[in-house]
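Worksheet: one structure, shown below.
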There are 2 protein chains.
Amino acid sequence: MNTQSHTKSTARSLPIALLRARETVMAPVRDMLQGIQLTEQKWRILRVLDELGEVEQSTIAHEACLLLPSLTRILRTMEAEGQISRRQDSQDKRRTMVKITDEGRRILEENLAASLEIADKIEAQMGRKKLDNLLDLLEELQAVKV
Amino acid sequence: MNTQSHTKSTARSLPIALLRARETVMAPVRDMLQGIQLTEQKWRILRVLDELGEVEQSTIAHEACLLLPSLTRILRTMEAEGQISRRQDSQDKRRTMVKITDEGRRILEENLAASLEIADKIEAQMGRKKLDNLLDLLEELQAVKV
DNA sequence: CTTTATTTGTTAACATGTTTACTATTTAGA
DNA sequence: TCTAAATAGTAAACATGTTAACAAATAAAG
């Protein structure tokens, strides 16, 4: 009898199940991103900035699930590549405000079709109803206090 | 009008929703693992090995969602620390068979209680029914061909 | 006020993620 | 057979993840 028999099989372990499901979903997204000059992280940052407008770095980190040290490095290269712009906040000089540039928006637009196609393929196989159910449950899980 | 208004808000984006949910679930797990000498990846490897017995590295990589180059490095240190053992397969000399050691099992057992407590906290807030529903949907998503 | 604590972000160090190239072995085909 | 393709794993290079330590600015407490 193994140790796991006391607990849950990895398939019913929430952290592992979330990771495996994500790998499935991300595989075609990574294929898409590899064609252009974007990593998965940069893609998330662009989407968050496009959604929220000009925000401080801590907000990006929280929304895009990145730690600040990673974000610092990534934004440095994204600024050099002209996808985002940064400025010091005048009220609170600790804050750096970040926004997406036209070039960044252009990259998002260029990959909109491919992105939607992937989402459609998943929807076609799972069904809209189940997918909405899943997204609702995931939102609820995010809100759990642990 | 931003680019995202054509697509989905990040909260309804499956890859991002999966990532955010996972961060919520993993936060307390990382706290638990930091207390001992284990990273999240090593913890997954031990769980998979405990569940599957002696397997080749490709199987571990697939089950624990790790790429082989990462696994190569991680198993090297885990072997040095006595948590797993490796041997060349006699039939197929390309294969390396890996199994968990008593020391590895001891580490799993030591953290069983903490691990279960985290799972219980989440269950207490989400409810068993919703959690099972979520796990079912995640398993189904994993099986989707994209 | 002014000292202390908190917040925001950076740097450094090391582990892991990711791609490409490579070795060794095995399998499949001509 | 012999050779080409496929498979299992490793090595190297660079990006990102993660923790700890740090600097600067602001907020809180005295």
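Convention: sequence-line order gives letters A, B, ...; per-chain numbering from 1. These numbers come from a predicted model, not from an experiment.
When heavy atoms are screened at a 4.0 angstrom cut-off, B/T39 is found touching the sugar-phosphate backbone but no base atom. Looking at heavy-atom distances under 4.0 Å, A/I74 makes contact with sugar-phosphate atoms alone, never a base.
Look at CZ on B/R44: it is 12 Å from C1' on D/dG17, rounded to the nearest Å. What separates CG of B/L38 from C1' of D/dT18 is a distance of 15 Å, to the nearest Å. The nearest whole Å value for the distance from the CD atom in B/E40 to the C1' atom in D/dT16 is 14 Å. Here the P atom of nucleotide D/dT18 and the CE atom of B/M32 are 15 Å apart, to the nearest Å. Atom CD of B/Q57 and atom P of C/dA24 are 17 Å apart (whole Å). With rounding to whole Å, A/L67 atom CG is found 17 Å from C/dA15 atom P. Between A/R73 atom CZ and C/dT16 atom C1' the separation is 12 Å, expressed in whole Å. Distance, B/R95 CZ to D/dT7 P: 11 Å, rounded to whole Å.
At a threshold of 4.5 Å between non-hydrogen side-chain atoms, the residues A/L46 and A/I84 count as touching.
The side chain of B/E56 sits closest to D/dG9 out of D/dT16, D/dG9, C/dT16. Side-chain atoms of A/S70 lie closest to D/dG17 of the nucleotides C/dT11, C/dG17, D/dG17. Of all nucleotides listed (D/dT10, C/dT16, D/dA15), D/dT10 comes nearest to the side chain of B/L68. The side chain of A/R30 approaches C/dT18 more closely than any other nucleotide in the set C/dT18, D/dG9, D/dT16.
For B/K93, there are no salt bridge (charged side-chain N to carboxylate O under 4.0 Å, His left out) partners, not counting sequence neighbours. Scanning for side-chain contact (heavy atoms from CB on, under 4.5 Å) contacts around B/A119 gives A/K8, with sequence neighbours left out. Qualifying side chain to side chain donor-acceptor pair (under 3.5 Å) partners for B/E139, counting only residues two or more places apart in sequence or in other chains: A/R12. Every residue was checked against the side chain to side chain donor-acceptor pair (under 3.5 Å) condition with A/Q34, not counting sequence neighbours, and none meets it. A search for side chain to side chain donor-acceptor pair (under 3.5 Å) contacts involving A/D92 returns A/R94, A/R95, not counting sequence neighbours. With sequence neighbours left out, B/R87 forms a side chain to side chain donor-acceptor pair (under 3.5 Å) with B/E54.
Look at A/S58 and you won't find any side-chain N or O under 4.0 angstrom from OP1 or OP2 of C/dT7. Regarding contacts with the backbone of C/dT16, every side-chain N or O of B/R76 stays at 4.0 angstrom or more from both OP1 and OP2.
Shown for residues 80-93 of chain B: residues whose heavy atoms fall under 4.0 angstrom of DNA chain C, namely B/Q91, B/D92, B/K93.
Note on A/L67: it does not cluster hydrophobically with A/V48, by side-chain heavy-atom contacts below 4.5 Å among ILVMFWY residues.
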Identify every side-chain donor-acceptor pair in residues 22-31 of chain A under 3.5 Å, counting partners at least two apart or on other chains, and give the distances.
{"from": "A/R22", "atom 1": "NE", "to": "B/P15", "atom 2": "O", "distance (Å)": "3.0"}
{"from": "A/R22", "atom 1": "NH1", "to": "A/E40", "atom 2": "OE2", "distance (Å)": "2.9"}
{"from": "A/R22", "atom 1": "NH2", "to": "A/E40", "atom 2": "OE2", "distance (Å)": "2.6"}
{"from": "A/T24", "atom 1": "OG1", "to": "A/R20", "atom 2": "O", "distance (Å)": "3.2"}
{"from": "A/T24", "atom 1": "OG1", "to": "B/Q142", "atom 2": "O", "distance (Å)": "3.4"}
{"from": "A/R30", "atom 1": "NE", "to": "A/E40", "atom 2": "OE1", "distance (Å)": "3.2"}
{"from": "A/R30", "atom 1": "NH2", "to": "A/E40", "atom 2": "OE1", "distance (Å)": "3.3"}

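Applying the salt bridge (Lys or Arg N to Asp or Glu O under 4.0 Å) rule to pairs touching residues 74-86 of chain A yields A/E79-A/R86, sequence neighbours excluded. Identified under the salt bridge (Lys or Arg N to Asp or Glu O under 4.0 Å) test for residues 117-126 of chain B, with sequence neighbours left out: B/E123-B/R128.
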Which atom pairs link the protein and nucleotides 1-3 of chain D when you take only N or O atoms and keep those under 3.5 Å?
none

Each nucleotide N or O in nucleotides 20-22 of chain C that has a protein N or O under 3.5 Å away: list the pair and distance.
none

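In terms of position on DNA chain D, the residue among A/R94 and A/L66 whose nearest nucleotide sits closer to the 5' end is A/L66.
For the side chain to side chain contact (heavy atoms under 4.5 Å, CB included) test with B/I45, the passing option among B/V98, B/L38, B/L75 is B/L75; the others fail.
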